[in-house]
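Here is the structure we will look at, set down as structure tokens.
Model, not experiment: these values are computed from the prediction. In what follows, residues are counted from 1 in the order of the sequence shown.
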Amino acid sequence: MNSTETRQEIVVGVDPRGGWQPAVAWGADEAQLRRLQLRFALSVPPRGDTRHADDSPHHRRLEEDGRRTLTEAISWAQARNPEAEVTGSLLDGFPGRQLALLSREVRLVVLGTRHLRRVEEILSSGSVVVPVTAQAGCPVVVVGEGDEDGQDPPYLVVGVDGSEASGAALALAFEEADLRRCALHAIAVWQPPVFTLSSGDTLFHDERRHLSETVAGWREKYPDVELRPEVRIGSPVEVLAEAGERALGVVVGRRGQGGYTGMKVGSVVHGLLHRARCPVITVPAP
């Protein structure tokens, strides 16, 4: 993190095409829990090739629509939480790029997934979810329109695989569970090797022991969090998605490094963004 001062905001990317309410609600609730400022960001794509046509009127309309949407989102959030400190920023540029830049200065970025399953979400210059998740300098929360409200009693899921990014995800997951006063399911996914000289029972026992050792220190730091460590067998995406079916969210570490195209996220993160029915919280390695 750059400094405490520059990390006192949560930013929510607002889509002018609609469907922004779930992300705004998640961001507003999180800001209230953490007592942080809340900023809504809406980015207007740059003007096109003006050598052939003047698109100034179209660009002005986009800016007007953007300001109107930001005003609506701010009013909606303040109605949800009258004490919220909310601001709005109209940015000039492709949304994915602008939000990735903002992520270097804030505590958390929250996005919606209204267009996640469309081809342009992955291939177009206006795509948002995948490149921001890949390049962000802070955790990114992706909230879908159809995400479940969560189970009562509430719980969070965190994927544990022993990597540096997984350790960062575990830290955030315990912090979130403590803030939300909910249980935390720490899940390691084991895929039996095809060829090995050791028995399956021995390897499975080793995996459980490693998980227990990994979470031991966090149990001491957050004694009020009800922890449920578990090793499951199968595909990490399917196991974590199933475990998070009615969760408040599933937290995973980001393994990719986010290259020029913004497409380098790990297969587990990419799979969960399309498969999970709860919010997906992706945490970069420290």
Side-chain angles (χ1 to χ4, degrees), residues 1-15 20 22-43 77 84-89 91 93-113 116 127-144 156 158-159 163-180 248-260 262-266 268-270 272-273 276 278-286:
M1 293 187 178
N2 296 341
S3 72
T4 302
E5 181 180 357
T6 59
R7 292 285 182 165
Q8 294 306 302
E9 280 188 321
I10 290 175
V11 165
V12 180
V14 177
D15 190 336
W20 44 260
V24 165
W26 205 100
D29 292 347
E30 185 74 5
Q32 184 178 16
L33 283 172
R34 293 181 175 273
R35 299 180 181 178
L36 297 176
Q37 299 170 5
L38 182 64
R39 189 197 328 183
F40 298 146
L42 188 151
S43 191
E85 182 181 349
V86 190
T87 60
S89 296
L91 309 175
F94 290 117
R97 173 63 174 165
Q98 295 303 313
L99 288 168
L101 290 173
L102 274 180
S103 73
R104 302 172 186 174
E105 305 172 358
V106 302
R107 185 76 62 87
L108 198 70
V109 171
V110 185
L111 304 172
T113 61
L116 181 59
S127 62
V128 177
V129 170
V130 173
V132 174
T133 299
Q135 297 176 348
C138 68
V140 176
V141 184
V142 179
V143 186
L156 284 164
V158 59
S163 67
E164 189 177 14
S166 171
L170 197 58
L172 181 64
F174 267 98
E175 187 178 355
E176 282 289 328
D178 191 52
L179 283 169
R180 295 172 181 271
L248 296 176
V250 56
V251 188
V252 288
R254 187 183 75 200
R255 301 291 292 273
Q257 295 301 314
Y260 174 76
M263 292 297 295
K264 293 184 179 179
V265 293
V268 173
V269 171
H270 200 278
L272 284 173
L273 288 174
C278 67
V280 177
I281 306 170
T282 305
V283 186

Start with the C-alpha gap between Val86 and Arg39, add the side-chain angles, then the distance that decides, and say whether side chain to side chain contact (heavy atoms under 4.5 Å, CB included) holds.
CA-CA 6 Å; Val86 190; Arg39 189 197 328 183; over 6 Å; no
Quick one: does [X]'s side chain have a donor or acceptor within less than 3.5 Å of a partner on [Y]'s backbone?
| X | Y | value |
| --- | --- | --- |
| Ser103 | Cys138 | no |
| Arg107 | Leu36 | no |
| Arg254 | Ala134 | yes |

Between [Y] and [X], is there a side-chain heavy-atom distance shorter than 4.5 Å?
| X | Y | answer |
| --- | --- | --- |
| His270 | Thr133 | no |
| Thr87 | Phe40 | no |
| Glu175 | Arg34 | yes |
| Val11 | Val110 | no |
| Leu272 | Val252 | yes |
| Val143 | Leu111 | no |
| Glu30 | Leu108 | yes |
| Leu273 | Val129 | yes |

As an exercise, state the distance from [atom1] of [X] to [atom2] of [Y], rounded to the nearest 0.5 Å.
| X | Y | atom1 | atom2 | value |
| --- | --- | --- | --- | --- |
| Asp178 | Leu156 | CG | CG | 11.0 Å |
| Ile10 | Gln37 | CD1 | CD | 10.5 Å |
| Asp29 | Leu179 | CG | CG | 12.5 Å |
| Glu9 | Glu85 | CD | CD | 8.5 Å |

Can you give me the closest heavy-atom contact between [X] and [Y], atom names plus distance?
| X | Y | value |
| --- | --- | --- |
| Gly253 | Val269 | O-CG2, 3.7 Å |
| Pro279 | Val141 | CB-CG1, 4.3 Å |
| Pro95 | Ser43 | CA-CB, 3.6 Å |
| Ala173 | Val158 | CB-CB, 3.6 Å |
| Gly137 | Pro284 | C-CG, 4.3 Å |
| Pro22 | Gly144 | CB-O, 3.9 Å |

Does Ile281 form a side chain to side chain contact (heavy atoms under 4.5 Å, CB included) with Val140? I'd like the steps, not just the answer.
CA-CA 6 Å; Ile281 306 170; Val140 176; over 6 Å; no
Is there a side chain to side chain contact (heavy atoms under 4.5 Å, CB included) between Val130 and Val132? Walk through the geometry before answering.
CA-CA 6 Å; Val130 173; Val132 174; over 6 Å; no
Quick one: do Leu170 and Val283 satisfy side chain to side chain contact (heavy atoms under 4.5 Å, CB included)? Show the steps, please.
CA-CA 9 Å; Leu170 197 58; Val283 186; over 6 Å; no
Please indicate whether Arg97 has more than 12 foreign heavy atoms, meaning atoms of other residues, nucleotides or ligands, lying under 6.0 Å from its CZ.
no
With sequence neighbours left out, write down each residue that passes side-chain contact (heavy atoms from CB on, under 4.5 Å) with Ser163, or none if nothing qualifies.
Asp161, Ala165, Ser166, Arg255
